[in-house]
Amino acid sequence: MSPTLLSSPLQGFTDFRFRNAFHKFFGGIDTFYAPYIRLDGKLVIKNSYQRDLQPENNMVSELIPQVMTNDADEFLFVVKYIQELGYKELNWNLGCPYPMVTKKGMGSGLICEPQRIDHILNRVHNETDVIVSMKMRMGYEHPEEILDVFPILDQYPIKNIAIHARIGKQLYNGGVNLEAFQRCTENTKHKLYYNGDITSVAKFSEMQARFPSIDHFMIGRGLIADPFLPSMIKNNTTEYPTNRWQIFKEFHDTIYQEYDAALSGPTPIKMKMLGFWEYFSTSFSNPQKTLKKIKKAQNPRSYVEAVKEIFGG
């Protein structure tokens, strides 16, 4: 049976423009998760979040909104907002590893507070009918932190828990901790999804063999670095299509034109595309040389020429 593949949300990358283009040119993803909504104490949904979740802006088969918060009132406010748009599920981010988030007791920085998690889930499940799913790391300081949270989570009808098999303070450094993820599978009644370092068909097959009870796999950075990866996993092949670079360039051109129209001025679009190229470049035979060409492009015209040269080569 074909595995279920999910797109892990990456702030600044996987918005509706990226998702729509990815779905059109590559496919292979069953469910996309939107980058998180963060309120920071103000019960106001930013315009960028609103645009990202508007149903008319999204052409993918399934999209699930996500919230980043450690406050029950904020959580409830976001529930009301997404339900007004027709969404039935809200994913709670307890996975973000970045210090600007974790120092405020959010993302993976909240995993060490089981009682606070319990309070929020209790209110959400008593005061709304939203379906709750979760995205977590195994802790911030230690991979055992999540084990202390499972008895709390097991009290609630959580749809699933996607676990990135690292701790927060690792960021994306070092390897995934497969032994700790195995312990997770043995210590909760909830359905778990695996996330972390699925960067090739071979790596996916390795994870699938390592965890035979897992049938949902979440792909994050690997999906941006090699957009063909999900469809290749689905088709159980390591062969790229013969027109690989043509498809990749059409995808690139689509998101470039959309971001160029949405952003004001040459600097924002350059920084936006440079972020993507830090991932895209790894698909090319000489990633460092490829990225250097992008960095040297000082204006839109030279950028377009650099891209043409890269794909032409």
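Starting from 1, each residue takes its place in the sequence as its number. For the numbers below, each heavy atom of this structure counts, side chains included, while hydrogens, waters and symmetry mates do not.
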All pairs passing ring-ring contact (aromatic ring centres under 6.0 Å, His included) where residues 104-151 contributes a residue, at least two apart |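 Passing the test, one end in residues 104-151: His125-Tyr156.
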Looking only at atom types and distance, does a side-chain atom of [X] sit under 3.5 Å from a main-chain N or O of [Y], one as donor and one as acceptor?
X: Ser283; Y: Ala225; answer: yes
X: Trp92; Y: Met136; answer: no
X: Asp30; Y: Leu5; answer: yes
X: Lys88; Y: Val130; answer: no
X: Lys272; Y: Gly12; answer: yes
X: Arg116; Y: Asn70; answer: yes
X: Asp15; Y: Phe18; answer: yes
X: Gln170; Y: Val176; answer: no
X: Asn195; Y: Met218; answer: yes
X: Asn93; Y: Gly107; answer: no

Take Gln208 and Ser205 through the test side chain to side chain donor-acceptor pair (under 3.5 Å) and record every step on the way to the result.
-> CA-CA 5 Å; Gln208 194 176 38; Ser205 299; 5.1 Å; no
For this output row, return yes or no: ring centroids of [X] and [Y] closer than 6.0 angstrom.
X: Phe280; Y: Phe248; result: yes
X: Phe284; Y: Phe311; result: yes
X: Tyr81; Y: Tyr49; result: no

Ignoring hydrogens and geometry beyond distance, is a side-chain donor-acceptor pair present between [X] and [Y] at under 3.5 Å?
X: Asp118; Y: Asn122; result: no
X: Glu305; Y: Ser302; result: no
X: Arg19; Y: Asn58; result: yes
X: Thr188; Y: Asp154; result: yes
X: Gln246; Y: Glu250; result: yes

Tell me, yes or no, whether the heavy-atom count around Lys296 atom NZ, taken from other residues, nucleotides or ligands under 6.0 Å, exceeds 12.
->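 For Lys296, atom NZ is not crowded (no more than 12 foreign heavy atoms under 6.0 Å).
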Are more than 12 heavy atoms from other residues, nucleotides or ligands located less than 6.0 Å from atom CD of Gln288?
->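 Check fails, neighbour count at 12 or below.
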Qualifying residue for side chain to side chain contact (heavy atoms under 4.5 Å, CB included) with Leu6, from Ile29, Thr31, Ile219, Ile64 |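 Going through Ile29, Thr31, Ile219, Ile64 one by one, the side chain to side chain contact (heavy atoms under 4.5 Å, CB included) with Leu6 is satisfied by Thr31 alone.
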Test item: [X] and [Y] side chains (from C-beta on) under 4.5 Å apart, heavy atoms:
X: Met138; Y: Asn177; answer: yes
X: Phe26; Y: Pro230; answer: no
X: Gln11; Y: Arg38; answer: no
X: Ile117; Y: Leu153; answer: yes
X: Ile294; Y: Ile310; answer: yes
X: Phe22; Y: Ser7; answer: no
X: Leu171; Y: Pro99; answer: yes
X: Phe16; Y: Val60; answer: no

Verdict with supporting geometry, Tyr303 and Ile269, side-chain contact (heavy atoms from CB on, under 4.5 Å) | CA-CA 10 Å; Tyr303 174 82; Ile269 184 64; over 6 Å; no
Where at least one partner belongs to residues 126-136, residue pairs that pass salt bridge (Lys or Arg N to Asp or Glu O under 4.0 Å), sequence neighbours excluded |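 Passing the test, one end in residues 126-136: Arg123-Glu127.
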At what distance, to the nearest 0.5 angstrom, does NZ of Lys104 lie from CG of Asp71?
->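 Separation between the atoms: 13.5 Å.
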Which is it for Phe211 and Leu178 under the side-chain contact (heavy atoms from CB on, under 4.5 Å) test, yes or no, and what are the steps along the way?
-> CA-CA 9 Å; Phe211 304 110; Leu178 301 184; 3.9 Å; yes
Is the NZ or CZ atom of Arg137 both under 6.0 Å from the centre of the six-membered ring of Tyr172 and within 45° of that ring's axis?
->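 Positive - Arg137 is close enough to the ring of Tyr172 and near enough to its axis.
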Starting from the C-alpha separation in whole Å, work towards a yes-or-no answer on salt bridge (Lys or Arg N to Asp or Glu O under 4.0 Å) for Glu84 and Lys80.
-> CA-CA 6 Å; Glu84 287 173 350; Lys80 184 174 183 294; 2.7 Å; yes
Audit row: Gln54, Gln50, side chain to side chain donor-acceptor pair (under 3.5 Å) steps and yes/no | CA-CA 6 Å; Gln54 286 296 328; Gln50 292 187 38; 4.9 Å; no
For Asp226 and Thr199, run side chain to side chain donor-acceptor pair (under 3.5 Å): C-alpha distance rounded to whole Å, both residues' side-chain angles, the deciding distance at 0.1 Å, then the answer.
-> CA-CA 8 Å; Asp226 185 358; Thr199 54; over 6 Å; no
Residue that, paired with Asp197, satisfies salt bridge (charged side-chain N to carboxylate O under 4.0 Å, His left out) out of Lys203, Arg210, Arg221 |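 Output: one option passes, namely Arg221.
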Would Ile161 end up clustered with Ile131 when hydrophobic side chains under 4.5 Å apart are linked, directly or stepwise?
->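 As far as the 4.5 Å side-chain criterion goes, Ile131 and Ile161 are not connected within one cluster.
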